[in-house]
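Reading through the structure tokens given below for one structure.
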Amino acid sequence: MSETVRVRFAPSPTGYLHIGGARTAIFNYLYARHSGGRFLLRIEDTDRRRSRREYEQDILAALAWLGLEWDEEPLRQSARISRHREMVDALLESGAAFRCFVPLEKAERIKQAEMERGGINAFRSPDRELSAKQSQARADAGEPFAIRFRIPTLDVSFHDAVRGTVSTPAHTIDDFILMRRDGSPTYMTAVVCDDSDMGITHVIRGADHITNTPKQVLLYQALAAPVPEFAHVPLILGPDRKRLSKRHGAQALTEYREQGYLPEAVLSYLSTLGWSSGDDRELFTRDQLLENFTLAGINKASAVFDEQKLEWMNAQFMSQQPDERLQQMLRREFARRIMAGEIPHGTGPMLAKAVNVLKTRAHFPIDILDKGRYFFTDPELIEDRKAAKKRLKDPATPDRLEELANRYEKLSGFDEHSSEQALREYADELEVGAGKLIHPTRLAVSGVGSGPSLFAMLGALGKETVMRRLRTLARFLREHGTPPDLGDEDTDPPKLTA
RNA sequence: GGCGCGUUCGUUCAGCGGUUAGGACGCCGGCCUCUCACGCCGGAAACACGGGUUCGAGUCCCGUACGCGCUACCA
């Protein structure tokens, strides 16, 4: 009871941080913070051929983006090789491990043969019974060897916080390698040594490690070190029910960030993939997660990643965000578009209005810029042929748009309210439904048939802009007819301002 | 092949011996409405199969099937 929880996330920098790794990191983080413990990082960079600094940066950046703050300086596994060797030497000394002089090819042949005759028994090195003296002599003579663990005859079992007791018959476990022929420690050696030295109390990792665990438990026991608690979290599968791999599309966390996913949404979604608070909630803030997370809430079965649901969740979080936050997120892309000439200079103040009006109908921040181009620049053409055909067919439309512009011009104060009032009054005078004016006005002002409340748009756009666009469309309709002839599907429609 | 783990709507998460098997995403229909979203209301949709145990089983046990993982001198 006295010891505080210490958990670790141990990525190997041989690729970007993916959904699966991120989820494992999240569970570790949540468990640590929930129980007032520490969340540590260990970079497993001992595969020197495949490890890259660039991936390491990506992983750290992704964790930071999710807000998974780690405690203490991350431990680099490659810096601990001499410690790993020490551990293996101690094991050799105690007899828990032995030198195996069997050449690689021969060991493979033995295993192959065993597999062919049914594969009931695991690999047992013929050298496991060599006397210490013989073993030492051959080593001294310069004969190459690997160091293997001597699997005892007792079966192994361990407790898993997710699955309960997991047992494995000892005869199915290989005399696995602790130290390669070239003197480098293997994964099995490194994890146990590091977890033990780091004082890790709970090992929370992917279910693909379940079958490694008995070997590690045996190592802890041989070392007379305390065995940590294990929790193997279900794997995340792709839509094809195969384990999520780097192959299928945008799996890297940083790519989700680029696409405009909010870290809050990703955190919430990933937390509820394979874990549940026990009730029906599924939108969680970080604080709610920290409060509710328990290992007991983790599921056993693997889960399929559903991007559609993530997207929905993103939209949920989007509409809850303060406008300033969204503006902030958009700033860079907004500046880029201005530089690229896609958005006119001086339209910065419109961004706030676009965000405010559009955020509840956007799934991603970028949608606000894409769907809301008309906030910043006059529509150049009517892209929406269907809407044009349906809403601009009345021959009276050009005159009405013109007249509406004139009425707006006379308004002393122009805002959401007064623009609506004036339009409805005019519609009443004409004895037509307000829709007869609303739809053409929407097309005039935005160039598209769908969007936010018209009057919210008018208010945001301001009198001058609205009048200009109304008159532009009126002129265009007089020139191109009602409904306007917009040409073929595959050619661009004519410009509004010729 | 061997060993391990798993199996509730298409997906996800509830259910922890007695429920009309619930919520969410997606899908379909309706309401709201100036359109599109949002929101609200409603609908279709699941306990892999077979044996037990029990008065009673989605819930406990065993088997089968299927899926996934591991089976490296990778991590």
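Only this structure's heavy atoms are used, side chains among them; waters, hydrogens and symmetry mates stay out. In what follows, chains are A, B, ... by sequence order, proteins preceding strands, each numbered from 1.
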Whichever of Leu104(A) and Ser302(A) has its nearest RNA chain B nucleotide further upstream toward 5': Ser302(A)

Residue closer to the 5' end of RNA chain B, Ala207(A) versus Leu273(A) (nearest nucleotide): Leu273(A)

Look at the side-chain N and O atoms of [X] and state whether any lies under 4.0 Å from the OP1 or OP2 oxygen of [N].
| X | N | result |
| --- | --- | --- |
| Arg281(A) | A14(B) | no |
| Thr172(A) | G2(B) | no |
| Asn299(A) | C13(B) | yes |
| Arg241(A) | G6(B) | no |
| Gln316(A) | G39(B) | yes |
| Lys242(A) | C68(B) | yes |

Just to be sure I understand the rule, does [X] reach a base, reach only the sugar-phosphate, or reach nothing, if contact means heavy atoms closer than 4.0 Å?
| X | result |
| --- | --- |
| Gly278(A) | sugar-phosphate |
| Arg50(A) | base |
| Lys371(A) | nothing |
| Val448(A) | nothing |
| Gly435(A) | nothing |

Nearest whole angstrom, please: distance from the [atom2] of [N] to the [atom1] of [X].
| X | N | atom1 | atom2 | answer |
| --- | --- | --- | --- | --- |
| Arg361(A) | C34(B) | CZ | C1' | 12 Å |
| Leu235(A) | G69(B) | CG | P | 7 Å |
| Tyr187(A) | C70(B) | OH | P | 11 Å |
| Met188(A) | C70(B) | CE | P | 12 Å |
| Ile19(A) | U12(B) | CD1 | P | 15 Å |
| Met313(A) | C25(B) | CE | C1' | 8 Å |
| Asn212(A) | C3(B) | CG | C1' | 13 Å |
| Phe317(A) | C38(B) | CZ | P | 17 Å |

Please determine, by modelled atom types, if [X] and [Y] share a side-chain donor-acceptor pair under 3.5 angstrom.
| X | Y | answer |
| --- | --- | --- |
| Ser125(A) | Asp127(A) | no |
| Glu311(A) | His363(A) | yes |
| Asn292(A) | His34(A) | no |

Aromatic plane relationship, Tyr256(A) with Tyr261(A) - under 30° parallel, 30 to 60° tilted, over 60° perpendicular: tilted

Selection from [options] that lies nearest to any side-chain heavy atom of [X]:
| X | options | result |
| --- | --- | --- |
| Ser450(A) | C13(B), C36(B), A75(B) | C36(B) |
| Lys309(A) | A75(B), U35(B), A24(B) | A24(B) |
| Arg243(A) | C70(B), A75(B), C5(B) | C70(B) |
| Lys300(A) | A72(B), G6(B), C25(B) | G6(B) |
| Ala301(A) | U7(B), C73(B), U12(B) | U7(B) |
| Arg163(A) | C5(B), G4(B), C13(B) | C5(B) |
| Val304(A) | U12(B), G4(B), A75(B) | U12(B) |

Nearest-0.5 Å distance, CG of residue Leu461(A) to CZ of residue Arg469(A): 4.5 Å

Whether over 12 other heavy atoms sit under 6.0 Å from Phe230(A) CZ: yes

Any strand: nucleotide that pairs with C40(B) via Watson-Crick or wobble, under 3.5 Å: G30(B)

Among Asp194(A), Asp45(A), Asp47(A), side chain to side chain donor-acceptor pair (under 3.5 Å) partner for Gln77(A): Asp194(A)

